[in-house]
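A short write-up of the structure that comes next.
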Amino acid sequence: MAIQEMVYGFFIPSVTLIGIGAAKEIPNKIKALGGKKPLIVTDKGITGCGITKQITELLDAAKMKYEVYDDTIPNPTDNNVHAGVEVYTKNKCDSLISLGGGSSHDCGKGIGLVVANGGKIHDFEGVDKSSKPMPPYLAVNTTAGTASEMTRFCIITDTSRKVKMAIVDWRVTPGIAIDDPLLMVGMPPALTAATGMDALTHAVEAYVSTIATPMTDACAQKAMELIARFLRKAVANGTDLEARDGMCYAQYLAGMAFNNASLGHVHAMAHQLGGFYDLPHGECNAILLPHVQRANMNAKLERFVDMARFLGENVEGLSMRAAAEKCLDAIKQLSTDIGIPAGLIELGKRYGKNVRKEDIAIMTGNAQKDACGLTNPTQLKDAEVASIYEAAL
């Protein structure tokens, strides 16, 4: 709560549809936004597994014209954005549908920013740098983690600097978000685990943020409770629709929390691992989360006790410190149970990347410039950030 003069915002899409069969509403909703020829922004994986075809068949049945740009890559780049802008303008599109997880949504947001405002995507790094509204924009989610389908965050890799640019702009918030569990049943266990831990990181960082409010606290609490209940089940059985539906709500609630309370040093540091090594964001977050939160514990001890309870831990009769430690235990146990690698070196080997101690200095410098760190409850010094990277190796 505010103890000095300060105004808090709360940003979400105008309309959100969550539930089995929600995707059927895509043609009607893009028309309601004013779109007549959308550009569908997605990736080869979504196209390869047939989800893109499911959506285009809905548009075909509605006799709606469209174009598809499916060259988005994980950790989307400035090149992705500018190539998408070219497809959008060349084919005279007038609206956007992003289809997929965070990468597709971030790329779609980047395309919309440049289409509307001109220039290059690099011009919008920072907070609220745009001056003109996005084209009509509908985001269709296929993972339960990033919540990018409903946020004002857009993360794009600058290929020249090997840095993830954090673009935070209220204008990139989608007009309509759609979360349909049926689009998530084919998500493999490893991706389910990674995106689920991304959602947990959002909830935790929002809950301990320096600008948390009662509204964001409520969202973060419920998100943690749902993740503790459903993530293991969703990883174990991807066709468990109750678990998929639970994770839809969990990740969306976590998105509502961090979209308004912002994040912290976990994301500031994970962005560098993604930009430098092209490592998957969710798993980077999962590995860093307990290390960063240990550094934050003294600043928010009571909140760590709260989070231990939200995550299902019994803290009755424990000292506040011991109860707070249960929060970190719960996070680490969940990561282990769903197969998250124990450290960054192991993660790098899994994806053919060489994570080196020698790179920590440059990543530390870049992490300290990342806007996400501004709301971390403990302002970490360079040496502390470097030591966290080293401990997470």
Given salt bridge (charged side-chain N to carboxylate O under 4.0 Å, His left out), test Asp169 with Arg152 step by step and report yes or no.
CA-CA 5 Å; Asp169 196 312; Arg152 59 192 172 117; over 6 Å; no
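- Put simply, the side chain of Ser103 does not reach to within 4.5 Å of the side chain of Asn75, judged on heavy atoms.
- The backbone N or O of Ile18 sits nowhere less than 3.5 Å from a side-chain atom of Asp179 that would complete a donor-acceptor pair.
- For Arg294, the salt bridge (Lys or Arg N to Asp or Glu O under 4.0 Å) partners are Glu325, not counting sequence neighbours.
- By the 4.5 Å heavy-atom criterion applied to side chains, Glu313 and Cys327 are not counted as neighbours.
- A donor-acceptor pair is defined here as one N or O able to donate and one able to accept, closer than 3.5 Å; no such pair exists between the side chain of Arg244 and the backbone of Leu182.
- Proximity of a side-chain donor or acceptor of Asp198 to a complementary backbone N or O of Thr195 within less than 3.5 Å is not detected.
- A donor-acceptor pair is defined here as one N or O able to donate and one able to accept, closer than 3.5 Å; such a pair exists between the side chain of Thr146 and the backbone of Ser148.
- For Glu149, the side chain to side chain donor-acceptor pair (under 3.5 Å) test picks out Asn141, Gln251, with sequence neighbours left out.
- Minimum interatomic distance between Pro38 and Met64 (heavy atoms only, all atoms of both residues): CD-SD, 3.8 Å.
- Looking at Met165 and Thr157, their side chains never come closer than 4.5 Å, going by heavy atoms from C-beta outward.
- Distance alone, capped at 3.5 Å, is enough to place a donor-acceptor pair between the Glu384 side chain and the Lys381 backbone.
- Judged purely by atom type and a 3.5 angstrom limit, Asn376 has no side-chain atom pairing as donor or acceptor with the backbone of Gln379.
- Across Thr52, Thr47, Thr42, a single residue satisfies side-chain hydrogen bond (donor to acceptor under 3.5 Å, both in side chains) together with Asp70, and that is Thr47.
- Contact check for Met134 versus Pro174: no side-chain heavy atoms found under the 4.5 Å cut-off.
- Ring-centre distance between Tyr88 and Tyr69: not below the 6.0 Å cut-off.
- A 4.5 Å side-chain heavy-atom check between Ser131 and Asn117 finds at least one atom pair inside the cut-off.
- For the 3.5 Å distance criterion, the side chains of Tyr137 and Ser98 qualify, holding a donor opposite an acceptor.
- A continuous path of hydrophobic side-chain contacts links Leu334 to Met224 [ILVMFWY only; heavy atoms under 4.5 Å].
- Side-chain atoms of Asp370 and Met269, non-hydrogen and from C-beta on, never get closer than 4.5 Å to each other.
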Step-by-step side-chain contact (heavy atoms from CB on, under 4.5 Å) determination, Val15 to Leu17
CA-CA 7 Å; Val15 176; Leu17 302 179; 4.2 Å; yes
Using the rule given for side-chain hydrogen bond (donor to acceptor under 3.5 Å, both in side chains), can you reason through His271 versus His281, listing the C-alpha separation, both sets of side-chain angles and the distance that settles it, and then say yes or no?
CA-CA 7 Å; His271 287 161; His281 178 66; 4.7 Å; no
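- Linking Ile, Leu, Val, Met, Phe, Trp and Tyr whenever their side-chain heavy atoms come within less than 4.5 Å leaves Leu96 and Ile30 in two separate clusters.
- For the pair Gln272/Ile362, no side-chain contact is recorded, criterion being any heavy-atom separation below 4.5 Å from C-beta on.
- In this structure a side-chain-to-backbone donor-acceptor pair under 3.5 Å is missing from Asp245 to Leu241.
- Side-chain atoms of Asn91 do not come within 3.5 Å of backbone N or O of Cys93 as any donor-acceptor pair.
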I would like to know whether Glu125 and Lys164 meet salt bridge (charged side-chain N to carboxylate O under 4.0 Å, His left out); could you show each step before the answer?
CA-CA 10 Å; Glu125 185 176 9; Lys164 281 193 170 186; over 6 Å; no
